Each structure stands twice: as C-alpha cells, then as structure tokens.
Participant: 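This structure is in structure tokens; I'll ask about it shortly.
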Amino acid sequence: MYKLWASIYKEFLLLTRDLGGLTILFVMPIVLIITITLIQDSSFKSISNTKIPILIVDNDEGIISKNIFDGLQEQNLFDVIEVSSEEEAKESVFKGIYQLAIVIPENLSKDLELKINQNVEGVLSEFGFEEEEQPLTDNEISPKEVRLYFDPAIQFAFKTSIKNGIDKMISKIETQYIYKAFQEQLSDEETEISFNSESFISFKEIVPKLNDKEILPNSTQHNVPAWTLFAIFFIIVPLSINMVKEKSQGTFVRLRTNPVSYATVLGGKTMVFLAVCLIQFVLMVIIGVYLFPAIGLPTLDISGKIILLFIVAIFAGLAAIGLGLLLGTIANSQEQAAPFGATFVVVLAALGGVWVPVFMMPNFMQVLSNLSPMNWGLNAFYDVFLRNVGFLEILPKLILLFLFFIITTLISIAYHNKKNAV
C-alpha cells in the first residue's frame with residue numbers, strides 16, 4: 001500500500017505542476033458543453049418560436065391556393081411572402097436569401113374539382129346512381145405538381161419534414177373535396193346528405209412518467225451526459241503524454257531501479273486520473289443544475305439519480321484510463337501520443353453517438369458503434385437520465401466498461417514486461 005500511495009502522490013505532483021494542462025482539462029469540456037447546449041437549445045427554440053420566411057407563387061388564385069396559404073399560416077412556423085414570378089422566387093432561394101419557395105400551378109383548383117367530379121361520377125355510374133343520359137366528364141386532366149425550391153445549404157431533415165407537412169396538407173384538401181363531391185352528387189332537392197370529414201385517426205405521443213410527472217427530454221439532458229463522457233475520455237491525451245514524458249526524461253528508468261511493479265505504477269495513475277474524471281463529472285452536473293438555468297437553458301434533473309450517475313461516471317472513467325494507459329505504454333514520443341489520442345477520442349465519440357445518433361448511421365456503422373466504449377457509457381448515462389432505469393438494467397454496460405479497463409490494462413502490463421524483459 002505504501003508503494004501505491006507513493007505512486008499516487010507522484011502522479012498528483014505531476015498533474016499539479018502542469019497547471020496549464022490541468023486548466024485545459026477542466027475548462028475545455030466546460031466551454032464545450034455550454035457552447036453546444038446553447039447552440040442546440042437555440043436551434044430548438046428557433047424552430048418552435050421563430051417564423052421562417054418562405055416565398056409562395058400563386059399561379060392558381062383559387063380556393064386550393066387559398067387553403068394552402070391559410071394552412072401555412074395556421075402552422076405558425078412560416079412567414080409567407082407572395083411573389084409574382086417563379087424565376088424571382090427560384091433566384092432568391094438558390095442565393096440563400098430564403099430557405100423555401102412554393103410554386104402553385106395554374107388552374108389547380110379548377111382542374112382538381114373537375115378531376116374529382118369525374119372520378120365520383122365514374123364511381124356512382126358503376127353502382128347505378130347516375131342517370132344513363134347524363135354523360136360522364138371524359139376530358140383528360142393532366143396531374144398537377146406543386147413545385148418546391150429549397151436552399152441548397154438547407155439540412156436534409158428539415159427539407160423532409162417540410163415536404164411531408166405540405167404533402168399532408170394537400171392530401172387533406174383533396175380528401176375534403178372528395179367528400180364534398182360525393183355530397184353534391186348524392187344530394188337532391190328533397191334530401192341533403194352530409195359527410196363528417198373530420199379526421200378519425202389522430203396521433204398522441206405517450207412519454208414516460210416518474211412520480212406522475214412526465215419525463216420530457218431536452219437539450220441539457222442530451223448534452224450533459226454526451227459531453228461529460230467526451231471530457232472523461234479526453235484524459236487519455238494528458239495521461240499518455242505524462243507516461244511518455246516519464247520515459248523520455250528518465251524518470252521511469254529510476255522507477256525501475258526500485259522494487260515497484262508496473263502494475264503498482266499504473267494503479268497510482270489510475271487512482272489520480274479517476275479522481276480527475278469524477279471532478280469533471282461533478283463540474284458538468286453543477287453546470288447543468290445551477291449555471292444552465294441562469295443563462296436560460298433547461299435545468300438538469302438529477303433527482304434520485306445521482307448515485308447511479310456516479311457509478312456510471314466511475315466505470316466510464318476506468319475505461320478511459322485503461323485506454324490512456326495502453327496508449328502511454330505503447331507510444332514512444334509525445335508526437336505519437338498527443339495527435340493519435342485526440343483523434344482516437346473523436347473517432348470513438350463519432351462511433352459512440354456523441355456527434356450523430358447511432359440510429360441515423362448506416363447499418364455497418366451501427367454494428368461498429370457497439371464496439372465503442374463511449375457508446376456503452378453514453379447509453380448507460382441515457383438510461384439513467386432519460387429512461388429512468390435501475391442498477392440492474394445498466395449493469396451489462398458497466399461490466400463491458402470494466403472489462404475494457406481490465407483488458408487494456410493487462411495488455412499494457414504484458415507489453416511493458418515483454419519490451420523490458422532482460
């Protein structure tokens with residue numbers, strides 16, 4: 001135990017003597033989490049609270065174009081601006097001045113009404129409701145298309161949601177016209193038939209509840225665990241650099257002259273850097289609970305979860321430390337350790353779902369993400385923060401993180417012993 005405490009004290013001295021590096025280790029993730037959360041929260045608010053200006057070219061000037069115009073206004077998402085020329089709208093959108101332009105074709109209302117009446121007459125005549133002498137409308141009516149122009153720089157998800165919304169709105173208008181046509185054809189002077197055209201099927205989101213209170217995810221609950229985990233794994237850079245410094249400055253040679261095993265040396269590093277990981281975690285939680293509400297961001301809710309969160313942070317920290325020990329053991333220079341460590345953390349974060357959700361990745365990348373320890377840690381954090389699970393549910397992920405630490409540490413010891421065998 002004395003040797004272990006001596007190793008811990010040595011690592012503590014190394015960290016405290018590099019105040020610049022230590023400051024970056026704590027300040028960098030704090031700046032990162034505040035910046036990313038502010039950006040994402042502002043994006044959510046801009047979508048829900050700020051109207052997006054869009055252009056509309058009304059070549060129809062009928063009831064359909066009026067319904068489309070009113071439907072866009074009722075959604076409270078768009079500030080609709082009418083322009084007279086399609087070329088003008090196209091040029092404005094492709095230059096990035098506006099994000100969207102909608103061009104309504106000529107005679108849309110008239111041709112839609114004719115087409116629906118034609119179809120209704122055809123259906124009713126097959127059932128014998130139409131008089132034989134009444135001719136069916138048999139003029140060929142070409143399909144109409146509502147043209148959409150999007151800013152080339154606009155995101156695909158936004159584009160898809162807008163197209164789906166407009167398609168749903170137009171489908172609803174067509175359905176109402178069909179009901180109206182049947183009503184007119186079947187009604188006479190003595191009887192008037194009415195159809196209820198209200199939607200029969202609706203959608204309702206069911207959210208999980210805790211103590212009869214809905215658990216509503218927000219930008220804070222998504223970003224705090226993600227960037228806390230990124231900060232925890234980023235310690236592999238200073239950890240591996242410290243190990244390389246010991247080898248290059250001769251400190252490690254002097255350690256080898258003492259009867260101290262390599263496992264004890266790694267144990268001291270593990271204890272010190274695990275404390276650093278937990279301090280990072282506590283700082284992130286404090287920021288989410290106290291600082292975020294002060295700057296207008298959602299509060300991080302940790303009620304009844306703090307013990308499980310600490311457990312996840314400990315095992316995630318062990319996995320990060322194991323990776324840092326392995327890199328520091330194998331690397332021979334700071335030029336090897338620093339760039340590779342930083343790049344590898346970014347790769348693990350990308351695979352783990354910190355940058356892009358795993359479900360949006362290609363199938364091959366989704367399978368590959370299961371090998372990332374950051375994916376295990378992030379899912380464990382999400383399980384506690386958002387899914388309200390207990391210890392047994394996160395235990396498999398904790399076991400994976402601990403096994404990763406054990407395996408990387410054993411590889412480090414085996415590599416060191418083989419390299420320094422006499």
Side-chain angles (χ1 to χ4, degrees), residues 29 32-33 36 40 156-157 208 215 217 219-237 239-240 270 273-274 277-278 280-281 284 305 308-330 339-415:
L32 193 60
I33 192 173
I36 298 297
Q40 286 197 357
F156 179 77
I215 304 173
S219 57
T220 297
Q221 287 176 304
H222 280 285
N223 281 294
V224 169
W227 297 107
T228 298
L229 196 65
F230 183 83
I232 287 174
F233 269 82
F234 205 78
I235 67 162
I236 74 171
V237 176
L239 173 55
S240 59
T270 300
F273 278 91
L274 183 59
C277 292
L278 292 180
Q280 286 179 321
F281 168 73
M284 295 296 196
K305 307 171 184 176
L308 284 179
L309 292 174
F310 258 105
I311 293 174
V312 175
I314 289 171
F315 282 88
L318 288 174
I321 290 166
L323 191 59
L325 295 177
L326 180 59
L327 178 58
T329 301
I330 295 175
F340 179 82
T343 305
F344 196 57
V345 170
V346 173
V347 171
L348 288 178
L351 286 176
V354 173
W355 305 105
V356 178
V358 174
F359 66 85
M360 296 181 63
M361 299 179 185
N363 292 333
F364 171 73
M365 298 301 292
Q366 290 186 27
V367 174
L368 202 59
S369 69
N370 293 324
L371 303 177
S372 171
M374 291 187 75
N375 179 260
W376 312 333
L378 186 61
N379 279 326
F381 271 128
Y382 281 163
D383 284 344
V384 178
F385 271 113
L386 301 174
R387 302 184 182 108
N388 194 36
V389 302
F391 177 76
L392 292 178
E393 284 81 358
I394 63 172
L395 184 58
K397 301 177 182 69
L398 300 181
I399 292 174
L400 286 173
L401 291 168
F402 187 67
L403 286 176
F404 184 83
F405 165 70
I406 295 295
I407 292 171
T408 50
T409 303
L410 290 176
I411 294 174
S412 302
I413 295 172
Y415 181 86

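This is a predicted model, so every value here is computed, not measured.
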Participant: Taking all atoms of both residues into account, what is the closest heavy-atom pair of L401 and P373, and its distance?
Facilitator: CD2-O, 3.4 Å
Participant: Sequence neighbours left out, what passes side chain to side chain contact (heavy atoms under 4.5 Å, CB included) with F402? Give chain and number order.
Facilitator: F315, L318, F405, I406
Participant: Just verifying a value: how many Å separate L327 CG and S412 OG, rounded to the nearest 0.5 Å?
Facilitator: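 Those atoms lie 9.0 Å apart.
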Participant: To the nearest 0.5 angstrom, please state how far the CD atom of Q280 sits from the CD1 atom of I33.
Facilitator: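 Here the rounded value is 11.0 Å.
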Participant: State, with a plain yes or no, whether a side-chain heavy atom of L351 is found less than 4.5 Å away from one of V347.
Facilitator: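 L351 vs V347: side chains touch.
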Participant: Hey, could you give me the CG/CD1 distance between L325 and I330, rounded to the nearest 0.5 Å?
Facilitator: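 Atom-to-atom, L325:CG and I330:CD1 are 11.0 Å apart.
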Participant: Classify the angle between the aromatic ring planes of F310 and F281 as parallel (below 30°), tilted (30 to 60°) or perpendicular (above 60°).
Facilitator: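 The arrangement is perpendicular - the two ring planes meet at more than 60°.
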Participant: Please find the pair of heavy atoms, one from F230 and one from A349, that lie closest to each other, and give the distance.
Facilitator: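 So the two residues come closest at CD1-CB, 3.8 Å.
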Participant: For the residue pair V384 and V312, what are the closest heavy atoms and their distance?
Facilitator: CG2-CG2, 4.3 Å
Participant: Considering non-hydrogen atoms only, spot the tightest contact between F233 and V345 and give its length.
Facilitator: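 It is O-CG2, 3.5 Å.
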Participant: How far does CD1 of I321 sit from CD1 of I236, to the nearest 0.5 angstrom?
Facilitator: 11.5 Å
Participant: Working to the nearest 0.5 angstrom, can you tell me the gap between E393 CD and D383 CG?
Facilitator: 8.0 Å
Participant: Can you name the nearest heavy-atom pair linking G317 to C277, along with the distance?
Facilitator: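 Reported closest heavy-atom pair: CA-SG, 3.9 Å.
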Participant: For the CE atom of M374 and the CZ atom of F381, what is their distance to the nearest 0.5 Å?
Facilitator: 10.5 Å
Participant: Looking at W376 and L371, would you say the former's side chain and the latter's main chain have a donor-acceptor pair under 3.5 Å?
Facilitator: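 Such a contact is absent between W376 side chain and L371 backbone.
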Participant: Using every non-hydrogen atom in the two residues, find where G352 and N375 come nearest and quote the distance to one decimal.
Facilitator: O-ND2, 3.3 Å
Participant: Are the side chains of T409 and T270 in touch, meaning some heavy atoms are under 4.5 Å apart?
Facilitator: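 Answer no - side chains too far apart.
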